[in-house]
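Following: one structure in structure tokens, then a few remarks.
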Amino acid sequence: MTVDRAAPALTFPALPRGLDTPRIVMDLARVTANIDRLQDEMDRRGIALRPHAKTHKSVAIARMQLGHGARGITVGTIGEAEVFVDAGMADVFLAYPVWAEGTKGERLRALHEKSRVFRVGIESTAGAERLAGAIAGTAEPLAVLIEVDPGNHRTGLASPEDVLEVAHGARAAGLSVIGVFSHGGHGYRIDGAASAGADEIRTLEAAAGALRDAGFAIETISAGSTPTMVTAASGPVTEMRAGTYVYGDRQQWVLGAIPADGCAVAVAATVVSVHDDRIVVDAGAKALTKDRADWLAGFGAIVGYPDLVIERVNDYHGVIAASPGVARPRLGEVVAIIPNHVCPVIDLVDRVVAVASDGSVEEWPVDARGRSG
């Protein structure tokens, strides 16, 4: 079964004229509103915000988030960390269980030596030992957070006992265990945010309590996902690491994580073919990706045409089905498509079209594009 609240309600500001499609267009007023909305909520709750930069991969957007009150940023790869540290970001958390051997170890050591505050995620003793080997001989110990699994079943430890075992192994290797973190990815389902957020709180609290009872000075209890950015932000949680909220996308709207005007990015596409009830745009898999949750119909929402469904995407073709009698665009028309999942869409391009509230247009680089290793 698919659930689609997005198409009838989603809007997007007027696209700039003369776009050479397909192009990614970012509305800065909506980006700013999204940044302020979550920052204000976390400030009200006394919880630090450390946005995940994997969504925007943009130094300029990260600086906006920090300027509006974020404590630091989160990254998912060493390559992303290098981009933001080189740009002067002073507080970076690499929320990933890096296997620090070979060049990855060398690069991680350089980040540790260069950064004012640089922390890394771990979830195994062997991984902790690789990190310790990579930074051996540096002036300061490397601070690490241990990942727990709140039910997402990706990475992370399932029990406080497992967390304690890894913590002892990390400390024996010379690392400084300063916190625990989770990702409530199982909140990516209809009506899943409340239970997934509660799972994050419960597992983080149990892990942090066990570590404190064992004598570890736990200062950071970090939760993170856009669906659970509010539901997990309570109790023992000291930090939130949501990422997608800054741009929004179709699935976040359907899940209720953002308002309809929270979609700040669209893919501009031109209608290149119309045959009966088949319409084709020049945005295919290499503009929209093939990402589609089971509970979504199609590969994006076409603003202004809520009854159209992008049934399939080839590399450069988005094939749309239109039922008889429904509104449809004309041949040559440029439409705005809200992507299902904005994060991989952004990583497809070197630059985005940034539109300011006065209508002025600039091209902003996607600084960490392709830095996935």
Side-chain angles (χ1 to χ4, degrees), residues 24 26 28 30-39 42 47-98 104 107-108 110-112 114-121 143 145 147 155 181-185 220 222-229 239-249 252 257-258 262 264-265 289 339 341-352 354 364-373:
I24 293 178
M26 172 182 64
L28 285 171
R30 289 191 173 193
V31 170
T32 301
N34 290 344
I35 290 172
D36 285 340
R37 185 184 302 110
L38 184 58
Q39 187 67 59
M42 293 302 104
I47 293 174
L49 181 59
R50 182 183 296 278
H52 207 310
K54 73 179 180 68
T55 296
H56 54 73
K57 291 179 171 276
S58 163
V59 169
I61 297 294
R63 286 177 176 154
M64 287 175 63
Q65 292 171 316
L66 293 167
H68 286 240
R71 172 171 295 178
I73 65 167
T74 304
V75 296
T77 70
I78 292 177
E80 288 178 353
E82 289 167 334
V83 168
F84 290 102
V85 168
D86 286 347
M89 306 292 155
D91 192 338
V92 176
F93 172 38
L94 174 49
Y96 195 89
V98 176
K104 276 189 167 59
R107 293 163 64 198
L108 191 137
L111 285 165
H112 176 55
K114 184 174 185 177
S115 307
R116 182 176 65 82
V117 179
F118 180 61
R119 297 166 176 173
V120 182
L145 283 75
E147 185 174 9
T155 50
F181 74 106
S182 65
H183 172 61
T220 302
S222 180
S225 84
T226 294
T228 63
M229 63 190 177
E239 178 179 278
M240 176 53 60
R241 303 186 326 279
T244 311
Y245 80 96
V246 70
Y247 282 168
D249 57 28
Q252 296 297 344
I258 62 166
V265 165
T289 79
H341 185 191
V342 72
C343 303
V345 168
I346 293 296
D347 199 47
L348 292 172
V349 298
D350 292 322
R351 309 180 76 82
V352 300
W364 284 21
V366 182
D367 303 279
R369 190 245 171 138
R371 299 297 296 272
S372 299

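We number each residue from 1, following the sequence as shown.
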Which residues share a salt bridge (charged side-chain N to carboxylate O under 4.0 Å, His left out) with Arg37, sequence neighbours left out
none
Shortest non-hydrogen contact between Ala242 and Thr226, atoms and distance
CB-OG1, 3.9 Å
Where the side chain of Thr77 meets the backbone of Arg371, is there a donor-acceptor pair that is under 3.5 Å apart?
yes
Grab the two heavy atoms, one from Thr55 and one from Cys343, that are nearest each other, plus how far apart they are.
OG1-SG, 3.2 Å
Residues at least two apart in sequence or cross-chain that pass side-chain hydrogen bond (donor to acceptor under 3.5 Å, both in side chains) with His183, listed by chain then number, are none
Does Ile24 have any side chain to side chain contact (heavy atoms under 4.5 Å, CB included) partners at least two apart in sequence or in another chain, and if so, which?
Val265, Val267, Val345, Ile346, Val349, Val352
Under a 3.5 Å distance rule, please check whether Arg116 uses its side chain to pair with a backbone N or O of Met89 as donor and acceptor.
no
Tell me every residue that passes salt bridge (charged side-chain N to carboxylate O under 4.0 Å, His left out) with Asp367, counting only those two or more places apart in sequence or in another chain.
none
Any chance you could measure Leu108, atom CG, to Phe118, atom CZ, to the nearest 0.5 Å?
4.5 Å
Any side-chain heavy-atom pair of Ile61 and Gln65 under 4.5 Å
yes
Taking Ser58 for its side chain and Ala60 for its backbone only, find out whether a donor-acceptor pair lies under 3.5 Å.
yes
Applying ring pair (Phe, Tyr, Trp, His ring centres under 6.0 Å) as the test, list every pair that has at least one member in residues 52-93; sequence neighbours left out.
Phe93-Phe181
From Leu145 atom CG to Thr220 atom OG1, the distance as rounded to the nearest 0.5 Å:
5.5 Å
Charged N-O contact under 4.0 Å between Asp347 and Lys54:
no
For Gly224 versus Arg241, what's the shortest heavy-atom pair and its separation?
N-NH1, 3.8 Å
Could you grab the distance from atom CD1 of Ile35 to atom CG of Leu28, nearest 0.5 Å is fine?
9.0 Å
Straight-line distance of Thr74 OG1 to Leu94 CG, nearest 0.5 Å:
9.5 Å
Quick test of your reading: applying salt bridge (charged side-chain N to carboxylate O under 4.0 Å, His left out), list the pairs with at least one residue in residues 59-71, sequence neighbours left out, ordered by first then second residue.
none
To check you understand the geometry: which heavy-atom pair defines the closest contact between Ser225 and Gly184, and what is its length?
OG-O, 3.5 Å
In chain order, what residues pass the side chain to side chain contact (heavy atoms under 4.5 Å, CB included) check against Leu348, with sequence neighbours excluded?
Thr289
With sequence neighbours excluded, residues passing side chain to side chain contact (heavy atoms under 4.5 Å, CB included) with Thr155
Pro97, Glu123, Glu147
Please list, chain by chain and in numerical order, all residues satisfying side-chain hydrogen bond (donor to acceptor under 3.5 Å, both in side chains) with Lys57, sequence neighbours excluded.
Glu80
With rounding to the nearest 0.5 angstrom, report the CD to NZ distance, Glu82 to Lys114.
9.0 Å
Heavy-atom closest pair (Pro227 atom, Ala257 atom, distance to 0.1 Å) is CA-CB, 4.2 Å
Looking only at non-hydrogen atoms, find the nearest pair between Ala264 and Asn34 and report the distance.
CB-ND2, 4.0 Å
Sorted by chain and number, sequence neighbours left out, salt bridge (charged side-chain N to carboxylate O under 4.0 Å, His left out) with Asp36 holds for none
Taken in chain and number order and not counting sequence neighbours, the residues that satisfy side-chain hydrogen bond (donor to acceptor under 3.5 Å, both in side chains) with Arg50 are Asp91, Glu239
To the nearest 0.5 Å, atom CD1 of Ile78 lies from atom OG of Ser372 at 12.5 Å
In chain order, what residues pass the salt bridge (charged side-chain N to carboxylate O under 4.0 Å, His left out) check against Arg119, with sequence neighbours excluded?
Glu219
